[in-house]
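Everything below concerns the one structure shown next.
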Amino acid sequence: MDPKSTKNRTPFSHLVADKERRKIAAQKNKRSVWSGFGLFGIIGWSIVVPTMAGALIGIWLDKNSPQTFSWTLSLLVVGLFVGCLMAWNWIKKEHGEINNKNENNE
């Protein structure tokens, strides 16, 4: 019996074959630990930069245009929200690319 024939395969053998294909693809696309740290760094900086920019603009506005509310706190929260949104979109894009790559390998 030919091991590559799909006629007489059981659901279990389909599962094993699928896992084997994914494992081989993962071994081909092996990334280093440093690339993982780099990904964390990109996500971190995409949140930190807008948050700090919002805080700095808020400090400047508090000095030059005082209000009953704090510009610094308000723009810090806005910057944090924008940074999290940017990081979310970046992760979503990377996840889509990984899924497309996996589908193309199968």
Side-chain angles (χ1 to χ4, degrees):
M1 181 155 101
D2 183 17
K4 300 230 178 200
S5 90
T6 57
K7 275 185 183 177
N8 299 325
R9 281 191 174 174
T10 64
F12 179 71
S13 63
H14 282 290
L15 181 67
V16 170
D18 185 46
K19 284 188 177 187
E20 180 184 12
R21 271 194 305 275
R22 280 194 252 150
K23 187 173 184 178
I24 290 170
Q27 287 174 345
K28 288 179 184 177
N29 298 326
K30 194 171 185 178
R31 292 184 176 183
S32 70
V33 172
W34 295 110
S35 69
F37 284 134
L39 294 176
F40 283 126
I42 290 170
I43 294 170
W45 282 110
S46 70
I47 295 172
V48 168
V49 170
T51 304
M52 293 304 295
L56 292 173
I57 293 169
I59 290 170
W60 181 81
L61 282 173
D62 278 338
K63 288 181 183 175
N64 296 320
S65 177
Q67 295 290 325
T68 57
F69 60 90
S70 170
W71 282 109
T72 303
L73 186 58
S74 301
L75 292 179
L76 180 91
V77 171
V78 169
L80 180 63
F81 179 74
V82 168
C84 288
L85 194 64
M86 287 172 39
W88 179 265
N89 285 332
W90 187 83
I91 291 170
K92 193 170 149 182
K93 183 186 81 151
E94 287 293 317
H95 183 70
E97 287 178 9
I98 289 170
N99 285 341
N100 287 339
K101 194 181 290 185
N102 287 342
E103 287 174 4
N104 292 338
N105 285 340
E106 289 179 4

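- Hydrophobic clustering of Ile, Leu, Val, Met, Phe, Trp and Tyr side chains at less than 4.5 Å, counting indirect connections, keeps Ile59 apart from Phe69.
- The environment of Glu20 atom CD is sparse: at most 12 non-hydrogen atoms of other residues, nucleotides or ligands sit within 6.0 angstrom.
- Once rounded to the nearest 0.5 Å, the distance linking CH2 of Trp45 with CE of Met86 reads 13.0 Å.
- Sorted by first and then second residue, the side chain to side chain donor-acceptor pair (under 3.5 Å) pairs involving residues 72-87 (not counting sequence neighbours) are Asp62-Thr72.
- Contact between Leu75 and Gly54 at its shortest, heavy atoms only, is CB-O, 3.1 Å.
- Between the CD1 atom of Ile43 and the CD atom of Glu94 there is a distance of 8.5 Å, given to the nearest 0.5 Å.
- Distance check: Ser46 OG to Ile91 CD1 gives 7.5 Å after rounding to the nearest 0.5 Å.
- Minimum heavy-atom separation, Ala87 to Ile47: CB-CG1, 3.9 Å.
- Ile57 and Leu80 fall into different hydrophobic clusters, where Ile, Leu, Val, Met, Phe, Trp and Tyr residues are linked whenever their side-chain heavy atoms come under 4.5 Å apart, directly or through other members.
- In the hydrophobic cluster analysis, where Ile, Leu, Val, Met, Phe, Trp and Tyr join through side-chain heavy atoms closer than 4.5 angstrom, Trp60 is grouped together with Trp71.
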